[in-house]
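The structure appears right after this line, and notes come after that.
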Protein chains: 2
Amino acid sequence: MKPTDTTTYRALNTYTKLMRAAESVTSRVSRTMAAADLTISQFGVLEALLHKGPLCQRDIAAKILKSTGNITLVIDNLEKRSLVRRERTSVDRRYLTIQLTGHGLELIRQVFTRVEAAIVAEMQVLTNDEQEALGVLCKKLGLREGRG
Amino acid sequence: MKPTDTTTYRALNTYTKLMRAAESVTSRVSRTMAAADLTISQFGVLEALLHKGPLCQRDIAAKILKSTGNITLVIDNLEKRSLVRRERTSVDRRYLTIQLTGHGLELIRQVFTRVEAAIVAEMQVLTNDEQEALGVLCKKLGLREGRG
DNA sequence: TTCATATAGTTTAATATTAAACAATATGAC
DNA sequence: GTCATATTGTTTAATATTAAACTATATGAA
């Protein structure tokens with residue numbers, strides 16, 4: 001094999017394994033969300049609100065890496081279930097502040113606890129050092145430019 | 001922090017970085033596919049056919065981790081563009097063998113070359129050893145049971 | 001043979017997702 | 001103030017995705 005081929009081969013292999021791992025872990029962890037009738041996006045929004053407090057839709061979109069159009073729909077659906085509520089900001093009337101309702105807070109606390117446990121369980125196949133190492137490597141890959 | 005908290009904290013951190021890295025890399029690499037008017041799924045199907053030869057839809061579904069219903073649609077769309085064709089197997093008439101057309105083969109070869117280059121570029125932020133290490137860690141995470 | 005069961009692929013209904021066009025509001029130059 | 005430009009969120013149209021019900025075919029036991 002020429003050096004270029006080796007390089008390509010290694011890169012493709014690593015890429016494939018990264019993608020498989022992410023999809024595999026996501027699909028298992030998301031079952032916990034589905035059990036509470038939450039999609040991954042819905043969980044992402046509620047979790048952002050739980051840990052960051054009230055946010056405008058644009059910030060939520062940036063946090064969960066979805067389009068603002070999509071966030072409008074996700075919030076619509078959460079609002080129908082009274083898990084969040086929209087509040088127009090008085091300072092800048094373009095903004096909507098999204099807040100958890102009491103019911104929403106209660107739900108996301110419960111579900112987050114279970115999702116957290118699922119994630120911990122997933123990561124237990126790696127030692128502490130391996131987890132740290134994986135984190136460092138992933139961070140390097142994520143650092144490049146571009147949406148995402 | 002109690003030991004349990006440290007464990008949880010580390011697991012959540014690693015999980016988040018893994019997801020971010022995967023989404024980030026995917027979103028950049030998929031631009032190369034979009035430039036050829038291929039979705040990630042369409043590219044996945046064509047690439048599977050390129051490297052594994054003709055496959056039935058069930059095997060394709062397993063390969064790209066999508067439902068068989070979805071594969072039906074993806075193949076429909078590729079067939080409309082004359083990139084693949086369906087052929088009923090004579091041995092077992094339930095199976096459809098999906099084959100690349102000449103046009104499809106030509107396209108996926110070109111696009112795969114560009115996607116490959118994009119992936120190599122992404123991975124160049126890591127040294128060879130880091131890529132190998134990442135591959136090993138990801139493989140461990142992907143090995144658990146369950147869909148995906 | 002016949003019937004129960006399994007498997008491949010399709011269809012349907014519900015939902016998710018995006019890009020792009022749009023409305024409402026804000027900001028800043030003049 | 002006024003107008004050009006930015007920004008926030010919504011809508012629309014096109015597509016993607018899944019689960020579940022369904023059709024057609026195959027397999028194997030009695």
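Note that the coordinates shown come from a computational prediction; the quantities given were computed from them, not determined experimentally. First the proteins, then the strands, lettered A, B, ... as listed; each starts at 1.
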Give a yes/no on whether any side-chain N or O of [X] is located under 4.0 angstrom from OP1 or OP2 of [N].
X     : N      : value
B/S41 : D/dT17 : yes
A/R58 : D/dT8  : yes
A/Q42 : C/dT15 : no
A/N70 : C/dT18 : yes
A/R93 : D/dT7  : no

| said: Does A/L73 reach a base, just sugar-phosphate, or nothing at all? Heavy atoms under 4.0 Å. | reply: base

| request: Looking at every strand, decide which applies to A/R88 at a 4.0 Å heavy-atom threshold: base, sugar-phosphate, or nothing. | output: nothing

| query | In the structure shown, which nucleotide is the Watson-Crick or G-U wobble counterpart of D/dG28, with both distances under 3.5 Å? | reply |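 Because both required distances fall under 3.5 Å, D/dG28 counts as paired with C/dC3.
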
| In the strands shown, is D/dT5 matched to any nucleotide by a Watson-Crick or G-U wobble pair with both distances under 3.5 Å, and which? |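 Across any shown strand, D/dT5 pairs with C/dA26.
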
[X] has a side chain; which of [options] sits nearest to it?
X     : options               : answer
B/D92 : C/dA16, D/dA26, C/dG9 : D/dA26
A/Y95 : D/dT8, D/dA24, D/dT10 : D/dT8
A/R94 : C/dT10, D/dA6, D/dA26 : D/dA6

Indicate the atoms forming the closest heavy-atom contact of [X] with [Y], along with that distance.
X      : Y     : result
A/I64  : A/S41 : CD1-O, 3.9 Å
A/R94  : A/D92 : NH2-OD2, 2.8 Å
A/C138 : B/K17 : CB-O, 3.4 Å

Whole angstroms only, please: what is the [atom1]-[atom2] distance between [X] and [N]?
X     : N      : atom1 : atom2 : value
A/I75 : C/dT17 : CD1   : P     : 13 Å
B/K66 : C/dG9  : NZ    : P     : 18 Å
B/L96 : D/dT25 : CG    : P     : 11 Å
A/N77 : C/dT15 : CG    : C1'   : 8 Å
B/I64 : D/dT18 : CD1   : P     : 9 Å
A/D76 : C/dT15 : CG    : P     : 13 Å
B/F43 : D/dT15 : CZ    : P     : 21 Å
A/L55 : D/dG9  : CG    : C1'   : 15 Å

| task | Let me know, please, whether A/T89 or B/T72 comes out on the 5' side of the other along DNA chain C by nearest nucleotide. | result | B/T72

| request: Would you classify D/dA6 as syn or anti? Syn applies when the glycosidic angle is within 90° of 0. | output: syn

| said: As a quick check of understanding, evaluate side-chain contact (heavy atoms from CB on, under 4.5 Å) for A/Q124 and B/T7, giving each step before the final call. | reply: CA-CA 9 Å; A/Q124 288 321 294; B/T7 299; 3.8 Å; yes

| query | Is A/R86 atom CZ crowded by more than 12 heavy atoms from other residues, nucleotides or ligands, each under 6.0 Å away? | reply | yes

| message | If we count only N and O atoms by modelled type, under 3.5 Å, do the side chains of B/S24 and B/R28 hold a donor and an acceptor together? | response | yes

